[in-house]
There are 2 protein chains.
Amino acid sequence: MTESPFETDGCRPAPRNCDPDSRVVAARLAALSHPARIEIIKHLSASNSCCCREVVDRFDLAQSTVSQHLKILVEAGLVRFEPDRQRSRYAVDHAALADVSASVAALVNSCCSGR
Amino acid sequence: MTESPFETDGCRPAPRNCDPDSRVVAARLAALSHPARIEIIKHLSASNSCCCREVVDRFDLAQSTVSQHLKILVEAGLVRFEPDRQRSRYAVDHAALADVSASVAALVNSCCSGR
DNA sequence: ATCGTCTATCGGCGATAAACGATGACCACC
DNA sequence: GGTGGTCATCGTTTATCGCCGATAGACGAT
């Protein structure tokens with residue numbers, strides 16, 4: 001356990017005495033908190049699996065931008081990546097997505113149960 | 001009124017052909033995608049209702065920072081604000097929070113149902 | 001070997017977020 | 001009136017986001 005004051009670990013800045021759970025949830029929500037990424041998730045799941053180009057054609061965003069969004073989703077664990085020849089197959093990780101939904105539900109629930 | 005191609009309306013930048021729903025969901029998730037704000041939500045619901053100072057004491061953040069976070073939560077409609085003498089009562093809007101949870105669940109569901 | 005295509009990454013730019021201190025408004029109380 | 005506590009806002013600084021064009025790597029086809 002490093003004694004670093006800030007362990008960014010891909011999360012947003014957090015107060016010192018912050019529940020690690022909150023950081024994890026926040027990081028995943030951050031990945032989902034962009035309209036383009038939500039749309040990309042929808043598109044991926046509708047098509048079962050897409051390559052980058054397919055997504056670029058769908059939305060009018062530059063290829064580099066789409067690649068960036070996909071990278072963020074992969075790093076958040078919401079999308080799985082599999083290189084396929086010169087293409088890249090991206091597919092939604094439904095389990096991870098369900099997990100996010102469960103996390104939010106748990107947060108809401110804890111707020112209601114605690115009164 | 002300028003003919004701006006982007007009507008930001010308090011949301012993150014979005015591609016042109018973006019489902020408005022995605023923008024709304026994204027905006028709410030953005031409010032939740034910060035560890036400190038998640039912690040604040042938890043604290044508020046545990047205490048039923050808090051003033052700003054109470055939150056400041058709990059986390060080691062400057063009063064102005066906490067005030068800012070609370071403002072963001074209020075603007076996102078997740079927390080209700082009620083001035084009370086020189087204090088400010090902040091309370092979680094459980095209905096709104098449940099609504100966010102439902103939105104995420106709907107998104108996840110649409111991904112699974114669409115296969 | 002040389003194209004053309006698909007990707008990922010780099011570098012840069014403008015805009016926004018996040019944090020803080022300082023200031024002033026407001027209220028209660030002495 | 002003066003004092004102390006609470007709060008929102010302003011202004012500043014720093015870091016990150018979101019987007020793009022350009023570039024380079026990898027692959028298939030000609």
Side-chain angles (χ1 to χ4, degrees), chain A residues 5-18 22-23 26-27 29-40 49-76 79 81-90, chain B residues 4-18 22-23 26-27 29-40 44 49-76 79 81-90:
Chain A
F6 297 101
E7 201 53 53
T8 52
D9 66 32
C11 293
R12 305 234 163 152
R16 318 299 174 285
N17 53 349
C18 186
S22 298
R23 308 180 58 151
L29 290 185
L32 271 184
S33 68
H34 192 291
R37 289 197 285 268
I38 290 181
E39 292 285 325
I40 289 175
S49 146
C50 284
C51 65
C52 181
R53 180 100 211 301
E54 235 171 320
V55 180
V56 172
D57 288 340
R58 184 91 162 69
F59 311 100
D60 55 346
L61 290 173
Q63 180 268 328
S64 57
T65 303
V66 171
S67 184
Q68 192 73 6
H69 280 312
L70 286 170
K71 183 181 181 182
I72 289 172
L73 288 171
V74 168
E75 283 177 344
V79 165
F81 162 75
E82 187 184 357
D84 170 32
R85 307 303 172 190
Q86 79 270 38
R87 309 237 171 160
S88 294
R89 308 302 310 176
Y90 289 97
Chain B
S4 162
F6 299 102
E7 204 48 57
T8 54
D9 68 30
C11 293
R12 304 233 164 156
R16 320 294 178 288
N17 53 351
C18 186
S22 298
R23 309 178 57 147
L29 290 185
L32 271 184
S33 70
H34 193 292
R37 290 198 285 269
I38 290 181
E39 291 285 323
I40 289 175
L44 286 185
S49 145
C50 283
C51 64
C52 181
R53 181 99 213 303
E54 235 171 318
V55 180
V56 171
D57 287 342
R58 184 90 161 69
F59 310 99
D60 55 349
L61 291 173
Q63 181 268 328
S64 56
T65 303
V66 170
S67 184
Q68 192 72 9
H69 280 311
L70 286 169
K71 184 181 180 183
I72 290 172
L73 288 171
V74 168
E75 285 176 345
V79 165
F81 163 75
E82 188 183 357
D84 171 31
R85 305 305 167 190
Q86 78 269 35
R87 307 238 173 159
S88 295
R89 310 301 310 177
Y90 290 97

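A, B, ... follow the sequence lines: proteins, then strands. Residue 1 opens every chain. Computed from a predicted structure; not experimentally measured.
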**OP:** Would you kindly give the NZ-to-C1' distance between A:Lys71 and D:dG18, to the nearest whole Å?
**Re:** 14 Å
**OP:** Between C:dC27, D:dA8, D:dG21, spot the one nearest the side chain of B:Tyr90, thanks.
**Re:** D:dA8
Subject >> Atom-pair distance (CG on A:Asp60; P on D:dC19), nearest Å >> reply: 11 Å
**OP:** Quickly work out the A:Leu70 CG to D:dG18 P distance and round it to whole Å.
**Re:** 14 Å
Original post:
D:dC19 phosphate, OP1 or OP2: any side-chain N/O from A:His34 under 4.0 angstrom?
Top reply: yes
Original post:
Roughly how many Å is it from CD in B:Gln63 to P in C:dA18, rounded to a whole number?
Top reply: 17 Å
Subject >> Length of the line joining B:Arg89:CZ and D:dT6:P, which is rounded to integer Å >> reply: 12 Å
**OP:** Would you classify A:Ser88 as touching base, sugar-phosphate or nothing, given that sugar-phosphate means primed atoms plus P, OP1 and OP2, and contacts are heavy atoms under 4.0 Å?
**Re:** sugar-phosphate
**OP:** Spell out, as yes or no, whether a donor-acceptor pair under 3.5 Å connects the side chain of B:Ser33 to the backbone of B:Ala30.
**Re:** yes
Original post:
Donor-acceptor pair, B:Arg37 side chain versus B:Ala31 backbone, under 3.5 Å?
Top reply: yes
**OP:** Measure the distance from NE2 on B:His69 to P on D:dT9 and round it to the nearest whole Å.
**Re:** 16 Å
Subject >> Nearest-neighbour nucleotide for the B:Arg87 side chain, C:dA19, D:dA8, D:dC7 considered >> reply: D:dC7
Original post:
Atom CG of B:Leu61 and atom C1' of C:dA17: how far apart are they, to the nearest Å?
Top reply: 14 Å
Original post:
So, does B:Glu75 use its side chain to make a donor-acceptor pair with the main chain of B:Ile72 at under 3.5 Å?
Top reply: no
Subject >> Donor-acceptor pair under 3.5 Å, B:Gln68 side chain vs C:dA17 base >> reply: no
**OP:** Could you please name the option among D:dA8, C:dA18, C:dC6 that lies closest to any side-chain atom of B:Ile72?
**Re:** C:dA18
Subject >> d(CG, A:Asp57; C1', C:dT7) in whole Å >> reply: 14 Å
Original post:
OP1 or OP2 of D:dC27 less than 4.0 angstrom from a side-chain nitrogen or oxygen of A:Arg85, does that happen here?
Top reply: no
**OP:** Consider the side chain of A:Thr65, meaning its heavy atoms from C-beta on, and name the nucleotide among D:dC7, D:dC20, D:dG28 that approaches it most closely.
**Re:** D:dC20
Subject >> Side-chain donor/acceptor of B:Ser64 to base of C:dG21, under 3.5 Å >> reply: yes
Original post:
Taking the side chain of B:Cys52 as its heavy atoms from C-beta onward, which of D:dC7, C:dA8, C:dT7 lies nearest to it?
Top reply: D:dC7
Subject >> Nearest-0.5 Å distance that lies between atom CD in B:Gln86 and atom CZ in B:Arg53 >> reply: 12.5 Å
**OP:** Return no unless some side-chain N or O of A:Ser67 is found under 4.0 Å from OP1 or OP2 of C:dA8.
**Re:** yes
Original post:
Are any non-hydrogen side-chain atoms of B:Tyr90 and B:Val74 less than 4.5 angstrom apart?
Top reply: yes
